[in-house]
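Step one of this worksheet: look at the structure below.
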Amino acid sequence: MKILIAPDKFKDSLGARQVAANIAIGLREVLANARIEEVAVADGGEGTAGVISEALDGHWIECDAHDSLGREIKARFAWIEASKLAVVEMSEAAGLRRLASGERDPERSSTFGVGEMLLAAAKQGARETIVGLGGSATNDGGFGLARALGYQFYDGRGRELPGDVTKLIHLEKIALPEERGWSPIIIAADVNNPLLGENGATRVFGAQKGATSDQIRSLEKALSKLATIAAQDLRKDFREIPGAGAAGGLGFGLMTFCSATMRSGFDVVADSIHLEQSIAAADIIVTGEGSLDGQTLDGKVPAGVAKLALKNGKRVFAIVGKSSHDGEIEGLFEKVFTLNAGSISDADSIKRAPELLRLRAKELTAFL
């Protein structure tokens, strides 16, 4: 029997590689003769660069950049020398993880540092750059990124706008950079939200980044004006494209200002690490993530793995931190095991994740 373990990270607990390792330990305690392969997977969110780098024998390159509040930082991106591929995570420069408690400020936060990372990747000689959109602190529609790349934004009096995203309500003209300084870009998005509206970047994710009700209204107006002037001056209108609202509208910004190609983050990672080939060569597939919920079907790792497993006629199981017990989602798997089963609280399941992953893996063997 060959078992493939292919999970995502458990957010705020364990990385995907650690999750896979603990599941493998539990399985081996019962199935001593099973052949077990461990593969870390990601969906465009945090951890994507590491997963692709590990699979393709890459390494990290450091560059100068600015965080979302404009502070100088050292950022890094993954580099695969054989194919001259750079893998950038936007959160490395403009992520919430860069901010201390109380620093979240989506009206000031900028993706300028992400643009700096793209230029650094191009300077390294990148033929192509993958940009993972997840964990953002920003809601600027790629305004900061564009400024870093040389775009200029003017009000009706011909004055260049400062960097605060709310100033975009005065935008009347966008001027292109003198030359393109970045490589072709593939967007790896982990959500399907459009830029604007009830399901858009601001109204769905703004509060997570610290936006008040008043700020959400002003940010929505700012991004709407950005989209309108971009359509007018650049002849590009991506506001309704699924994924445009990812990372506070950075999906929109990358398509608009960099002619980037939007793809499912899971598909980008799966293709890069040849996941379907590994699934086809196994008998049993085990996947997982921290929370199996309504967003899982929108391109998250467990759903993607399950669909590839079912396509190849494989049995597939999930071990997750918790589950919303949605019938459509759980129906993708032969069985779903949760760390917070019984009287275990969410907090305890996070604290005891390695132990509980091993225990649930041992329980899974009863179904084999």
Side-chain angles (χ1 to χ4, degrees), residues 66-71 90 93-94 104-116 118-119 136-182 185 187 193-207 209-241 243-260 262:
H66 291 81
D67 72 5
S68 62
L69 297 180
R71 297 173 295 209
M90 74 81 58
R104 298 183 182 189
D105 187 351
E107 289 190 331
R108 288 179 53 219
S109 294
S110 169
T111 52
F112 191 91
V114 184
E116 292 175 306
L118 294 183
L119 294 176
S136 69
T138 55
N139 199 100
D140 74 349
F143 174 44
L145 166 116
R147 292 176 64 244
L149 298 179
Y151 284 87
Q152 294 174 301
F153 298 80
Y154 297 97
D155 66 16
R157 297 184 179 182
R159 298 173 299 189
E160 189 169 1
L161 296 180
D164 290 4
V165 60
T166 53
K167 301 300 183 184
L168 285 171
I169 60 172
H170 304 296
L171 179 65
E172 294 297 335
K173 180 182 178 182
I174 302 173
L176 279 66
E178 293 183 3
E179 59 183 38
R180 177 190 175 110
W182 57 94
I185 293 169
I187 303 168
N193 304 74
L195 180 67
L196 304 169
E198 291 301 317
N199 294 316
T202 307
R203 292 197 173 112
V204 174
F205 303 109
K209 301 169 188 183
T212 64
S213 296
D214 287 342
Q215 288 175 327
I216 285 173
R217 284 190 286 271
S218 64
L219 288 167
E220 181 79 355
K221 290 178 181 178
L223 295 192
S224 179
K225 190 63 177 293
L226 176 63
T228 297
I229 302 303
Q232 169 189 296
D233 289 358
L234 307 181
R235 300 293 189 268
K236 296 178 180 180
D237 191 351
F238 297 108
R239 71 187 89 186
E240 297 295 334
I241 299 297
L250 184 57
F252 167 86
L254 286 166
M255 289 187 287
T256 300
F257 303 115
C258 301
S259 300
M262 176 69 69

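Here, residue 1 is the first one in the sequence, and each next residue gets the next number.
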Contacts under 3.5 angstrom, residues 155-175 side chains, donor-acceptor by atom type, not counting sequence neighbours:
residue, atom, partner, partner atom, Å
Asp155, OD1, Arg157, N, 2.9
Asp155, OD1, Gly158, N, 3.1
Asp155, OD1, Arg159, N, 2.9
Asp155, OD2, Arg159, NE, 2.9
Asp155, OD2, Arg159, NH2, 3.1
Glu172, OE2, Lys225, NZ, 3.2

With a 4.5 Å limit on heavy-atom distance, are the side chains of Leu254 and Met262 in contact? no
Which atom pair, heavy atoms only, marks the closest approach of Ser136 to Ala247? OG-CA, 3.3 Å
Are any side-chain N or O atoms of Asn139 and backbone N or O atoms of Gly248, one a donor and one an acceptor, separated by less than 3.5 Å? no
Minimal non-hydrogen separation, Gly144 against Ser110, with atom names: CA-OG, 3.4 Å
Taking side chain as C-beta onward, heavy atoms only, is Leu145 less than 4.5 Å from Asp140? no
With rounding to the nearest 0.5 angstrom, report the CG to CG distance, Leu219 to Leu196. 11.5 Å
For Asn199 and Pro194 the tightest heavy-atom approach is O-CD, 3.4 Å
For the CG atom of Asp214 and the CD atom of Glu107, what is their distance to the nearest 0.5 Å? 9.0 Å
Closest approach of Ser218 and Gln215, non-hydrogen atoms and distance? OG-O, 2.9 Å
Heavy-atom pair of closest approach, residues Phe257 and Gly141: CE1-O, 4.2 Å
Hey, does Thr256 have a side-chain heavy atom less than 4.5 Å from the side chain of Leu226? no
With Phe143 via ring-ring contact (aromatic ring centres under 6.0 Å, His included) - residues at least two apart: Phe153
With a 4.5 Å limit on heavy-atom distance, are the side chains of Thr138 and Leu250 in contact? no
Please check if the number of heavy atoms outside Lys221 that lie under 6.0 Å from its NZ is greater than 12. no
Heavy-atom nearest pair, Leu149 first then Cys258, reads CD1-SG, 3.4 Å
Value for CZ (Arg217) from OG1 (Thr202), rounded to nearest 0.5 Å, stands at 12.5 Å
Using modelled atom types only, decide if a donor and an acceptor are shared between the side chain of Ser224 and the backbone of Glu220 within a distance under 3.5 Å. no
Can you find a pair of side-chain heavy atoms, one from Phe252 and one from Leu223, that are under 4.5 Å apart? no
Could you state the interatomic distance from CG (Leu176) to CG (Leu234), rounded to the nearest 0.5 Å? 5.5 Å
Using the rule given for side chain to side chain contact (heavy atoms under 4.5 Å, CB included), can you reason through Ser68 versus Thr111, listing the C-alpha separation, both sets of side-chain angles and the distance that settles it, and then say yes or no? CA-CA 6 Å; Ser68 62; Thr111 52; over 6 Å; no
